[in-house]
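Everything on this sheet refers to the single structure shown next.
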There are 2 protein chains.
Amino acid sequence: MNILITSGGTSEKIDQVRSITNHSTGQLGKMIAERFLDAGFPVTLVTSPTAVRPKKHPLLTTFLTANVAELQLVLKEQTTKHQVLIHAMAVSDYSPIYMTGFEAIKGASNLEQFLHCANQESKISSDDDYQVLFLKKNPKLISLVKIWNPEIRLIGFKLLVDVAQDQLLSVARASLEKNQAEIIVANDLRDIQDGKHRAYLISEQDVQVAETKAEIAQKIYNYIINKG
Amino acid sequence: MNILITSGGTSEKIDQVRSITNHSTGQLGKMIAERFLDAGFPVTLVTSPTAVRPKKHPLLTTFLTANVAELQLVLKEQTTKHQVLIHAMAVSDYSPIYMTGFEAIKGASNLEQFLHCANQESKISSDDDYQVLFLKKNPKLISLVKIWNPEIRLIGFKLLVDVAQDQLLSVARASLEKNQAEIIVANDLRDIQDGKHRAYLISEQDVQVAETKAEIAQKIYNYIINKG
């Protein structure tokens with residue numbers, strides 16, 4: 001059984017010096033990878049350049065991807081070669097299209113035009129008091145996984161911030177169904193601190209609670225092995 | 001002589017999971033710090049959490065700052081306690097004010113209202129096909145240094161991307177004068193790669209060229225010692 005894991009966060013360039021970054025240390029993905037490596041399974045880890053990684057291991061293959069477009073290319077190819085995908089990377093929902101001064105859009109008769117602009121300069125000028133950045137939605141890669149490989153077993157993640165538990169579980173259940181995942185690991189950023197990491201592993205059958213990253217990794221491992 | 005150095009890059013939060021980040025490894029600031037530490041000078045390094053740092057050293061004090069507001073607080077206090085500031089940090093020119101769906105602004109009669117909005121939610125919804133982010137200009141900290149401490153000796157940096165050398169030098173000279181700096185280290189991102197880092201050290205007297213980070217650090221050191 002080959003395990004494909006994504007970890008870390010993506011970063012979408014505004015220009016050559018600025019990006020919109022989704023912060024994620026990669027710590028959880030690293031621990032999940034180590035759990036499967038320790039048990040002798042080949043692991044492919046797709047992660048971002050600044051994320052933490054497991055030590056070199058003969059069963060570990062690593063790909064580095066900076067942004068959603070790069071991630072999509074690698075995932076599309078790799079999902080067909082793996083039996084399990086654990087998709088823990090924090091993926092940017094939006095990518096920059098165009099940045100300009102507020103004065104330029106204030107008087108514009110048609111704002112749609114800016115959705116079709118692109119910055120020609122390599123570093124956007126900082127003369128304006130206010131700027132406006134237009135962004136477009138990225139493809140939801142998790143929703144493409146089963147199109148690329150209908151047979152792959154999919155573990156997804158859903159991170160919300162400061163919401164009621166009911167809402168978190170309900171959003172995760174919707175993702176479970178929509179993306180044909182076996183588990184969605186639902187967590188709230190509020191519950192990730194001081195070495196703790198509370199998460200709800202939601203499957204069609206039940207909800208399991210984990211309180212640390214190590215426990216999340218172990219429960220995912222148990223699930224994959226026992227239901228495999 | 002106490003040396004204050006900034007390095008790394010700032011990161012301005014859009015919400016609890018996304019930021020606009022100015023990328024900088026902190027490598028140059030680290031090398032400049034090491035050059036002065038090696039020579040026995042006390043160094044205070046103000047850097048970002050993910051930047052590389054010198055090894056622990058009895059003469060080294062480190063402050064971590066994530067964003068421009070934190071950097072401003074630390075710099076304002078520290079400039080009065082140091083004789084030299086080498087300001088190598090990549091500082092965000094703009095900070096997010098408000099992010100919303102494109103549909104919400106498309107029909108608005110007055111776009112100025114959005115400059116006074118703030119996101120209440122901790123993670124901004126990703127339902128819209130297009131989003132718009134309004135940003136405001138940050139204070140230029142380099143221009144405040146001599147107000148905080150008129151006696152401090154100031155080394156500033158100017159990074160442009162893919163411009164003619166004439167333009168780079170002319171922008172750097174304007175910064176030299178405006179900010180009452182002794183040197184502006186002018187560099188073009190195009191010339192920073194594969195272990196090379198070309199920079200022009202521009203003072204009122206002359207222009208010196210360096211080709212590597214080590215050379216930049218050495219030339220700054222020589223200048224501070226010889227003109228001190």
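The sequence lines fix the lettering, A, B, ..., with proteins before strands; numbering per chain opens at 1. Source: prediction; values computed, not measured.
Within the 4.5 angstrom heavy-atom criterion, no atom of Ser24(A) approaches chain B. When heavy atoms are compared at a cutoff of 4.5 Å, Glu112(B) approaches chain A by way of both its backbone and its side chain. Contact of Ile97(A) with chain B is made through the side chain alone, with heavy-atom distances under 4.5 Å. Only the side chain of Ser11(B) has a heavy atom closer than 4.5 Å to any heavy atom of chain A. Contacts between Ser19(A) and chain B at a heavy-atom distance below 4.5 Å involve backbone atoms as well as side-chain atoms. Both the backbone and the side chain of Phe134(A) come within contact range of chain B, with heavy atoms under 4.5 Å apart. Using a 4.5 Å cut-off between heavy atoms, Leu159(A) touches chain B through backbone and side chain atoms alike.
When all heavy atoms of Leu189(A) and Gln16(B) are compared, the closest pair comes out as CD2-O, 3.5 Å. Scanning both residues, Tyr94(A) and Asp129(B), for their nearest heavy atoms gives CE2-O, 4.0 Å.
No more than 12 heavy-atom neighbours from other residues, nucleotides or ligands sit within 6.0 angstrom of CD on Glu204(A). Annotation: Glu177(A), atom CD; neighbour count of heavy atoms from other residues, nucleotides and ligands within 6.0 Å does not exceed 12. Surrounding NZ of Lys76(A) are at most 12 heavy atoms belonging to other residues, nucleotides or ligands under 6.0 Å away.
Here OG1 of Thr21(B) is found 11.5 Å from CZ of Arg18(A). Values are rounded to the nearest 0.5 Å. With rounding to the nearest 0.5 angstrom, the CG atom of Leu111(A) is 11.0 Å from the CD atom of Glu103(B). Note that the NZ atom of Lys106(A) and the CZ atom of Phe114(B) stand 14.5 Å from one another [nearest 0.5 Å].
Listed options Ile105(A), Asp93(A), Val132(A), Leu133(A) were ranked by heavy-atom pairs under 4.5 angstrom with chain B; first place goes to Leu133(A). Heavy-atom pairs under 4.5 Å with chain B were tallied for Arg190(A), His23(A), Lys140(A), Lys136(A); the largest tally goes to His23(A). The candidate with the highest count of non-hydrogen atom pairs below 4.5 Å against chain B, out of Asp127(A), Val163(A), Asp15(A), Asn110(A), is Asp127(A). Comparing Asn138(A), Leu160(A), Ile20(A) by how many heavy-atom pairs each has under 4.5 Å with chain B, the most go to Ile20(A).
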Quiz item: Would Leu135(B) and Phe102(A) count as a side-chain contact (heavy atoms from CB on, under 4.5 Å) if you check the C-alpha gap in whole Å, the side-chain angles of each, and the deciding distance to 0.1 Å?
Solution: CA-CA 9 Å; Leu135(B) 305 104; Phe102(A) 178 74; over 6 Å; no

